[in-house]
Engineer: 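Would you mind keeping the following structure in view while I ask a few things?
Whatever order the structure lists them in is the order used to number ligands and atoms, beginning at 1. Keep in mind it's a predicted model, so treat the numbers as computed, not measured.
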Amino acid sequence: MNSVAGESNGSAANRAERRWAGVSIALIVGLLAIITFTGVHWASMPPSGIEAIDPTTLHVSGEFVEQNLGAQMRPDGSVIVRLIAQQYSFNPQCVVVPARTKITFRGTSVDVVHGFLVTGTNANAMLVPGYITTFTTEFSSVGDHLMPCHEFCGTGHAGMWAHVRVVAPQDFERLIGGATGVHCD
Ligand code: CUA
């Protein structure tokens, strides 16, 4: 009697064990499948529009040299703003742009990852060393916005912020007069 009951208990335990072994094997196979799929997916379709740049030569040559930083008007009337982030400031510290105009920001970092945020707008991105961040937006009205770094970047992070001054389009045109890197102080 006892031995029969013991056997049936044993086979019930066996069945349960096999069932749970099956579940854990299925989990492992499932996870491996996800890893394989995402790996192949990313390798075959890398995100588009990545622009790399050497952070060690930013000041020396290329798009982000000192005289290019700030706002510049394109032939089609849109505006491009180039800026650099570094521990613990932005260059320029005061960005001036026209209202109701397409503004393309292009930024990068000299050292570590910094945040790029224009308060009260949808401008919110990260500035990553080695890469160029591009962001296009439009400011509907004239006014001043704070532009804080919103990514912890070191001991001086809390003091790292700049301004964006939105001016009337005619004021901006007068200010810029064909120059390449215009900013406020
Ligand atoms: Cu730069 Cu926080």
Engineer: Answer with yes or no whether the side chains of Asn91 and His183 bring together a donor and an acceptor at under 3.5 Å.
Structural biologist: no
Engineer: Between Phe64 and His59, is the ring centre distance below 6.0 Å?
Structural biologist: no
Engineer: For Asp111, enumerate each residue passing the salt bridge (Lys or Arg N to Asp or Glu O under 4.0 Å) test, keeping only those at least two apart in sequence or located in another chain.
Structural biologist: none
Engineer: Should the ring pair His41 and Phe37 be called parallel, tilted or perpendicular, given that the plane angle runs from 0 to 90° and is split at 30 and 60?
Structural biologist: parallel
Engineer: Among Thr108, Thr133, Leu127, which residue satisfies the side chain to side chain contact (heavy atoms under 4.5 Å, CB included) criterion with Leu83?
Structural biologist: Leu127
Engineer: Would Glu138 and Arg100 pass as an ion pair if we require N to O under 4.0 Å?
Structural biologist: no
Engineer: List-wise, which protein N, O or S atoms are found short of 2.8 Å from atom 1 (Cu) of ligand 1?
Structural biologist: His114 ND1, Cys149 SG, Cys153 SG, Met160 SD
